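First up is the structure itself, then whatever we jot down about it.
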Amino acid sequence: MKDQNGEPLQQDLTRLEDELRELDQPQAPADLEGRLLAAIPGESIRVGAKPTRRHYYRTIGWAAALVIAMGALIYYHNRMPDSGVMSSQPFQIVSQTDIAEIIQKEVTSARLLASANILAQQPTGISFAQDTYRYLIESYPDTTAGQEAKKLLVKQDKEIQ
Amino acid sequence: MQRRPEKQLLKAIRAGERAACEKLVKDYYQRVYRFLVHLTGDAGRADDLTQETFTAAWSSIGGFKGRCSIASWLHRIAYSKFVDAGRKSRQLGNLQAQARQKAPRRDETAEPMQRLMTEERDEELYQALRRLKHDDQVVIVLHYFQDMSYREMAAVLGKPTGTVKWRTSRALKKLKKILTQENKP
């Protein structure tokens, strides 16, 4: 019996499945069990989890990933300014006016530093430049230019000595 | 997925306990042999391949992760042994004669006429099975003769479960078609 598509009917297939399950199966020869038991390698089977090549690759992979992760963690931790303090203190809310003031300070101090650097290159301008550096250190200590001026002043003092 | 007794058995085997190794042989050798008889169609070759399968199993049991059942793992080894052997002597030959050596699953007290009809039907089924392609034959053997689930079959054949299910259904339909053609006058 077939359905409209020419396929066997489901009930016929179910009957066939039952027949297959009921089919008599061949049995192993009587002496096979004895031969298989005799072939058991005994103590030498105690291999544990013998590491395969894939095992080694996986271990190396995990170790490399761990090293990279640790390295990245240390790198970013060191780069983060004053990381210990930042992590313990809450964020400060900065107003727009404060931001504008910070930018203005950075711009002014950068201009002064640039002028001082030009003066420092002139034979007679070193003392003027050092005065400007000192002014920058006093007036703009938190700016990038103020910190740079500090370094330059120390460097020039060493050169003079 | 492994059941607890299987894990314990594996642990004992890896610890070198002979009794555990013997249990593995006793529990599985019949199934492995039967599978190989159906694949090769030759009792002698099935015998040799069963021994090769267990030899390979002992040497690779350390690397067995236990992601599938022991039965699936052994069938997989047996199947690869069969494939390695070049799929020679595929004829199912005297399978029906071999089947008569077994402990019968059917009622031996049945009427002689009925028994004769049953044997004829068995022969007919084996003949039809012989005419199937290898891929179709193996799924029929695993599912209906070895009582394996589709998931276990997938582990043996290294194919997705859905593919195995579809192949089994297709193989069954082909088998039915062969039987229908044979019965046509």
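All values reported here derive from a predicted model rather than from experimental measurement. Below, each value reflects all heavy atoms present in this structure, side chains not excepted, and no hydrogens, waters or symmetry copies. Residue numbers start from 1 in every chain, and the chains themselves are labelled A, B, ... in the order their sequence lines are given, proteins ahead of strands.
Note on A:Tyr133 and A:Ile126: separate hydrophobic clusters, where clusters join Ile, Leu, Val, Met, Phe, Trp and Tyr whose side-chain heavy atoms are under 4.5 Å apart, directly or indirectly. In this structure, B:Leu142 is a member of the same hydrophobic cluster as B:Tyr126, with clusters built from ILVMFWY side-chain heavy atoms closer than 4.5 Å. Put simply, A:Leu119 and A:Leu112 are part of two different groups of oily side chains (I, L, V, M, F, W, Y) that touch within less than 4.5 Å, one to the next. Residues B:Phe54 and B:Val83 share a single hydrophobic cluster, defined by chaining ILVMFWY side chains whose heavy atoms lie under 4.5 Å apart. Note: the hydrophobic cluster containing A:Tyr75 does not contain A:Val67 (ILVMFWY, side chain heavy atoms under 4.5 Å, direct or indirect links).
Interface remark: B:Thr50 contributes backbone and side-chain atoms alike to the contact with chain A (heavy atom separation under 4.5 Å). There is no contact between B:Leu24 and chain A, counting heavy-atom distances below 4.5 Å.
Smallest separation of non-hydrogen atoms from A:Pro26 and B:His38: CD-NE2, 3.9 Å. Nearest heavy atom pair, residue A:Gln27 against residue B:Tyr33, reads O-CE2, 3.4 Å. A:Ala28 and B:Tyr29 get closest at one heavy-atom pair: CB-CE1, 3.8 Å.
Once rounded to the nearest 0.5 Å, the distance linking OG1 of B:Thr180 with CG of A:Leu16 reads 9.0 Å. Note that CD of B:Glu22 is 5.0 Å distant from CD1 of A:Ile40, once rounded to the nearest 0.5 Å. Between A:Arg15 atom CZ and B:Lys176 atom NZ the span is 6.5 Å, to the nearest 0.5 Å. Rounded to the nearest 0.5 Å, atoms CG (B:Leu125) and CD (A:Glu22) are 11.5 Å apart.
Within 6.0 Å of atom CZ in B:Arg170, more than 12 heavy atoms from other residues, nucleotides or ligands are found, so the atom counts as buried in its surroundings.
For a heavy-atom cut-off of 4.5 Å, chain B lies close to A:Leu32, A:Glu33, A:Arg35, A:Leu36, A:Leu37 in residues 30-37 of chain A.
With contacts defined as side-chain heavy-atom distances shorter than 4.5 Å, the pair B:Leu175/A:Leu20 qualifies.
Ranked by heavy-atom pairs under 4.5 Å with chain A, the first of B:Leu36, B:Val25, B:Thr55 is B:Val25.
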